[in-house]
Amino acid sequence: MIPTPRPPRWLAFAAAAVFLLLALAAAFAPGVDLALAGWSGAHRHPWLTVFMFHLTQLHRPAGVLVLAALLVGWMWKDGARRWALLAGLAIPGGLLLNVLLKYAFRRARPSVGEPLVNLASYSFPSGHANGATLLYLTLACWLWARLPRGRARLATAAALAMIVLVAASRVYLGAHYLTDVLAGMAEGTAWLTICMHLAAWRQAPRGAG
């Protein structure tokens, strides 16, 4: 049985602190956000737009839930029942938390750089970046626990690359500001770290520690 890991506690606090700093930057220092949104809108290419659009469509919340269900099924079939339970609770729970945070901050979507997608929902933090972080970090942690270190490092690098690509697609398409996607990544990291600590605590022997 592959145990669920216990990441360092400081990671959750660090990610939460980054989230709060990004929230402050979004509210009081939006200059970088506006500049990058304008630059991105002026440097689009047809082939890249098609790629980014399909990537972002795959990682909308419904798509992440489907991919998460496939991951849970893979874990369950592999005998990693605790991992399956962790993924089955942490990923949907993190998506729900993102919706609540959007209504807490109520930041409007970008209106500069000619956005290619028009959404009525709020912008901060990015649900796509959060969902990709939850999905691919969970996958990376599981593979890190079950694969040889060399292959585990490659899997982790690929997972991080996917998170960055999904986040970049949202800025490229004009759906989010930079602080939105960075906050979504920080949110997902903090939430998953907390969930992993809870899972590790639940599987610890009674009376241990």
Side-chain angles (χ1 to χ4, degrees), residues 1-16 18-19 48 51-95 97-98 125-172 176 178 181-204:
M1 181 177 295
I2 304 173
T4 50
R6 182 176 295 185
R9 292 181 180 178
W10 59 260
L11 183 58
F13 291 103
V18 169
F19 180 91
L48 186 56
F51 171 76
M52 290 297 196
F53 181 78
H54 286 297
L55 183 66
T56 202
Q57 283 294 99
L58 176 63
H59 292 89
R60 64 192 191 277
V64 168
L65 287 175
V66 171
L67 294 173
L70 294 175
L71 177 59
V72 169
W74 181 16
M75 290 172 168
W76 192 270
K77 185 177 179 181
D78 195 61
R81 304 294 170 84
R82 290 192 177 117
W83 277 98
L85 183 61
L86 171 67
L89 295 176
I91 296 175
L95 294 176
L97 173 63
N98 182 263
S126 167
H128 280 68
N130 173 63
T133 300
L134 291 166
L135 176 68
Y136 292 114
L137 271 190
T138 302
L139 174 61
C141 290
W142 180 50
L143 293 179
W144 188 271
R146 72 190 293 269
L147 294 178
R149 283 295 173 259
R151 294 171 62 187
R153 290 190 181 96
L154 288 176
T156 300
L160 294 177
M162 284 299 300
I163 295 169
V164 171
L165 277 174
V166 172
S169 74
R170 302 305 285 166
V171 176
Y172 178 89
H176 283 289
L178 176 63
V181 297
L182 293 178
M185 294 161 68
E187 173 201 350
T189 301
W191 174 256
L192 186 59
T193 302
I194 292 170
C195 290
M196 285 186 170
H197 268 281
L198 290 175
W201 173 73
R202 287 288 298 172
Q203 75 183 37

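All residue numbers refer to positions in the sequence shown, counting from 1.
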- prompt: Closest heavy-atom contact between A87 and T138?
  reply: CB-CG2, 3.9 Å
statement: Heavy-atom nearest pair, A12 first then I194, reads CB-CG1, 4.1 Å
Any donor-acceptor pair under 3.5 Å from R149 side chain to W144 backbone: yes
query: After noting the C-alpha distance and the side-chain angles of S169 and H128, does the key distance pass the side-chain contact (heavy atoms from CB on, under 4.5 Å) rule?
result: CA-CA 9 Å; S169 74; H128 280 68; 5.8 Å; no
Cation-pi geometry met for R81 and W83 (6.0 Å, 45°): no
- prompt: Do N130 side-chain atoms and E187 backbone N/O form a donor-acceptor pair below 3.5 Å?
  reply: no
- line: Shortest non-hydrogen pair, W142 vs A80, comes out as NE1-CB, 3.6 Å
query: Would a distance-only check, ignoring hydrogens and angles, find a side-chain to backbone donor-acceptor pair under 3.5 Å from R60 to Q57?
result: yes
Candidate pair T133 and L192, rule side-chain contact (heavy atoms from CB on, under 4.5 Å), full reasoning: CA-CA 9 Å; T133 300; L192 186 59; over 6 Å; no
statement: Of all heavy-atom pairs linking G131 and V64, the shortest is O-CG1, 3.9 Å
task: Please answer whether the main-chain N or O of M52 pairs with a side-chain N or O of T56 as donor and acceptor at a distance below 3.5 Å.
output: no
statement: When every non-hydrogen atom of L134 is compared with those of L95, the smallest separation belongs to CD1-N, 3.9 Å
- line: Smallest heavy-atom separation, A129 atom then S126 atom, equals N-OG, 3.0 Å
message: Go through it in stages, so that I can follow the logic: the residues are W76 and L85, the test is side-chain contact (heavy atoms from CB on, under 4.5 Å), and I'd like the CA-CA distance, side-chain angles, deciding distance and then a yes or no.
response: CA-CA 9 Å; W76 192 270; L85 183 61; 6.0 Å; no
message: Would you compute the distance between atom CE of M162 and atom CG of L55 and round it to the nearest 0.5 angstrom?
response: 5.0 Å
query: Relative to each other, are the rings of H59 and Y136 parallel, tilted or perpendicular (30° and 60° limits)?
result: tilted
query: Is there a side-chain contact (heavy atoms from CB on, under 4.5 Å) between C195 and L89 once you walk through the steps?
result: CA-CA 9 Å; C195 290; L89 295 176; over 6 Å; no
